[in-house]
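Computed from heavy atoms alone, side chains included, the values below leave out hydrogens, waters and symmetry copies. Each chain gets a letter, A, B and so on, in the order the sequences are listed, and its residues count up from 1.
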Protein chains: 2
Amino acid sequence: MDELRSAVEFVKTKTKVNVNERDIEKVMAALNSTNHFWEAIFLSQKPFAVVRETINYLISIDFVKSNENGNLMLTQKGKEFIEQKGIPVVKNYTCQCCEGRGIVFTEIKDAYEKFKEIVKTRPDAIVEYDQGYVTEETAFSRIALMIKKGDLVGKRLIVFGDDDLVSIAAALTKLPTEVLVLEIDKRLVDFINKAAKEYNLNLKAIEYDFRNKLPDELVKSFDTFTIDPPETIEALDLCFTRTTSSLKGAGCAGYFGLTNIEASLSKWHEFQKLLLNKFNAVITDIIENFNHYVNWNYLLPSLESNLNFVNVQPKLNWYTSSMYRIELVKDVEIVNEDINCELYIDNEAILYKG
Amino acid sequence: MDELRSAVEFVKTKTKVNVNERDIEKVMAALNSTNHFWEAIFLSQKPFAVVRETINYLISIDFVKSNENGNLMLTQKGKEFIEQKGIPVVKNYTCQCCEGRGIVFTEIKDAYEKFKEIVKTRPDAIVEYDQGYVTEETAFSRIALMIKKGDLVGKRLIVFGDDDLVSIAAALTKLPTEVLVLEIDKRLVDFINKAAKEYNLNLKAIEYDFRNKLPDELVKSFDTFTIDPPETIEALDLCFTRTTSSLKGAGCAGYFGLTNIEASLSKWHEFQKLLLNKFNAVITDIIENFNHYVNWNYLLPSLESNLNFVNVQPKLNWYTSSMYRIELVKDVEIVNEDINCELYIDNEAILYKG
């Protein structure tokens, strides 16, 4: 059997992810371009478990080897295979001026400078709430995108979960009429409210767990929402029940990140159908690698991996997500009740232990 | 009744497009930023007919006036309304380095220079086939995006309709194993085949009308397709029946443009559901204003408008579309038979005469 087909069967069985030969090719193209596991994920944009098991398979058939430092290298057999299949080296086609987003935030530069000062004392990302925050450039690019799309100036913004501190970024521009944050982590609630007071911002954070129903006064009250949701299907379903219920109605927008790293394209497909059918939302933008996440301290300890190529400190911000913008084409039917579910871990999550 | 609500009712009745107050706001923000009709469409990213009728309505209530040169201006009443509603001026958040695409094509610059030479003698865009081709920078950005996503190097590319001449751009890079063009306009078929011969390119064009079934040997044969489809729902349904039938199967990709100018977000919503359900495709990228179209000669004569603000020569490349990338998550059921339908004109088309 062809090695690509065998790799597909192996990876599918190990990960329960719906993988195809093109996915394996993309991982191999990444391995043809880097010796660093975390960069291989970034370059291939394939789920963590898929990349890990593809590498395990390629090691088992002597196409790849891992040295004592955890560096990954193609063997002679691996190089010959790649050449025969015409699998290329990954070259750089990303615009460096805007880090591939197509968006710049020069117009709100003053707010950006203030933001950088404020976040120097931000709370660390902690595993209890699956936290990992985006770079300051990402936060401001997100705000710039909202302004560009007519979703921030003179509008009410609601932020569901804010370790990114985009609420502060938004409020610093003085453009939205109001910013409200619903956040489960009391450290962040306090941090945001303290910044709001110190800098006289039209911004408030309240403690909230989205397994609980939305406070009634927030239903159908906002023009725009933003969220960085966990990526199990149940969490996505729940989050979007909450977020869309907070919007006034048709024409209102939502912004969120979705990774390729913890969400396969099969999951994307299922979730897109949910957005279009259940939530009456059209997708207006998907910008790959828009959101860059700062490496978090708890990564390697939380993975508990015994693979030496995994147990290397990331040498880059490897974790990214695509920026989605959706818009309601019709009002949604409001469902507002307590709902319990598994938020963070499914077979595609990087912390999945099998 | 509030002027925004009245505008919505007026525009809905006139255009049969599902409009909301946010859409009217976006047109007003554009009018707060430019006096040029075609720029107002570009800035608002709303359907042509919606922008035209919104302006007609605002003129009728003395919020806007049009001078003898067709320049549009807010009246004092209009300015006061805009201020009261907090409708902003449109500012520039687009990265100028990459024209907002996030993509650069420096790696294939040699091919780009050759392309610019070749296209100097390209056939004009003609109304019979609803033609209007993209800028050279757009064509090469599209190729760069395909390479970046792993869809061109060592792959078979099929191009459905090519007044953009992206087939020549792709073949010049020498990266795809094969490029095939299916094109209804004999002038373009001849032009492409002539360039292929002169420049020794792995490229062929054949005459084809997509109302006819695909030649059998092309079914399930290609890795990647690209198309710039007409935007009636029947044409989209037909085009994607053809394009997805040409793909080998799961993991294969398609690239196409979709405008906001001749397709409302309600149409986008309907079409996205078609993609996800009927064609087993997930949407991986939507990049707004990726495709910039060179102004075509036949625009004003074909519109036959008696509105003086419409009858001004565009002073910019105003017509843009979003770049979509889709990927099959599963093989599609092949349907390959002759199908007749209305290709170009529905109530959202700029040539719609009511």
Side-chain angles (χ1 to χ4, degrees), chain A residues 18 20-23 25-26 29 85-88 90-107 144-145 147-148 150 153-155 175 177 223 249-253 260 265-266 268-269 272-273 276-277 280-290 322 327 329-330, chain B residues 18 20-23 25-26 29 85-88 90-107 144-145 147-148 150 153-155 175 177 223 249-253 260 265-266 268-269 272-273 276-277 280-290 322 327 329-330:
Chain A
N18 188 19
N20 59 58
E21 290 186 26
R22 298 287 291 269
D23 296 333
E25 274 186 24
K26 282 166 187 168
K85 287 285 184 183
I87 291 171
V90 177
K91 293 201 174 162
N92 196 358
Y93 290 90
T94 302
C95 178
Q96 296 307 307
C97 299
C98 59
E99 296 187 305
R101 301 182 184 96
I103 292 279
V104 295
F105 50 85
T106 332
E107 291 275 357
L145 182 62
I147 297 169
K148 184 179 186 215
V153 179
K155 303 284 177 229
L175 294 172
T177 51
D223 299 291
C252 292
N260 288 117
L265 289 181
S266 295
W268 274 46
H269 188 234
Q272 288 179 356
K273 287 199 278 192
L276 294 173
N277 297 318
N280 294 336
V282 65
I283 307 166
T284 65
D285 302 77
I286 303 176
I287 308 169
E288 189 187 56
N289 292 343
F290 189 101
S322 296
E327 187 172 315
V329 286
K330 272 200 313 247
Chain B
N18 187 18
N20 58 59
E21 290 186 25
R22 297 287 292 270
D23 296 333
E25 272 187 25
K26 281 166 186 169
K85 286 285 183 184
I87 292 171
V90 177
K91 294 205 173 157
N92 196 359
Y93 291 90
T94 302
C95 179
Q96 296 308 307
C97 299
C98 61
E99 295 188 304
R101 300 182 186 95
I103 292 279
V104 295
F105 51 85
T106 334
E107 292 276 357
L145 181 62
I147 297 170
K148 183 180 187 214
V153 179
K155 303 284 178 231
L175 295 172
T177 52
D223 300 291
C252 292
N260 288 117
L265 288 181
S266 295
W268 274 44
H269 189 233
Q272 287 178 356
K273 288 199 277 192
L276 295 172
N277 297 319
N280 294 337
V282 65
I283 307 166
T284 66
D285 300 77
I286 302 177
I287 307 170
E288 190 187 56
N289 291 343
F290 190 101
S322 296
E327 186 172 316
V329 286
K330 270 201 316 246

For this session: Check A:N92, A:V90, A:T94 against B:K148 for a side chain to side chain contact (heavy atoms under 4.5 Å, CB included) and give me the one that passes.
Result: A:T94
Please state whether the side chain, the backbone, both or neither of [X] comes within less than 4.5 Å of a heavy atom of chain A.
X: B:T284; value: both
X: B:D285; value: both
X: B:I283; value: both

Quick one: of [options], who has the most non-hydrogen atom pairs under 4.5 Å with chain A?
options: B:R101, B:E327, B:K330, B:Q96; answer: B:E327
options: B:A29, B:G100, B:G154; answer: B:G100
options: B:L145, B:I87, B:D223, B:L175; answer: B:D223
options: B:A253, B:C98, B:G86; answer: B:C98
options: B:G249, B:A144, B:S266; answer: B:A144

For this session: Name all residues meeting the salt bridge (Lys or Arg N to Asp or Glu O under 4.0 Å) criterion together with A:K85; count only those two or more places apart in sequence or in a different chain, and write none if there are none.
Result: A:D2
Nearest heavy-atom pair of [X] and [Y]: which atoms, and what distance?
X: A:N277; Y: B:K273; answer: OD1-CD, 3.2 Å
X: A:V282; Y: B:L265; answer: CG2-O, 3.8 Å
X: A:C95; Y: B:I103; answer: CB-N, 4.2 Å
X: A:Y93; Y: B:F105; answer: CD2-CA, 4.3 Å

Problem set entry | Donor-acceptor contact below 3.5 Å, side chain B:Q272 vs main chain A:L276 | no
Exercise. For the candidates A:I147, A:N289, A:T106, which exhibits the highest count of non-hydrogen atom pairs separated by less than 4.5 Å from chain B?
Worked result: A:I147
For this session: Name the region of A:E25, side chain, backbone, both or neither, that has any atom closer than 4.5 Å to a heavy atom of chain B.
Result: side chain
Problem set entry | Interatomic spacing from CD in A:E107 to NZ in B:K91 - rounded to 0.5 Å | 5.0 Å
For this session: Kindly compute the distance separating NE2 (A:H269) from CG (B:N280), expressed to the nearest 0.5 Å.
Result: 6.0 Å
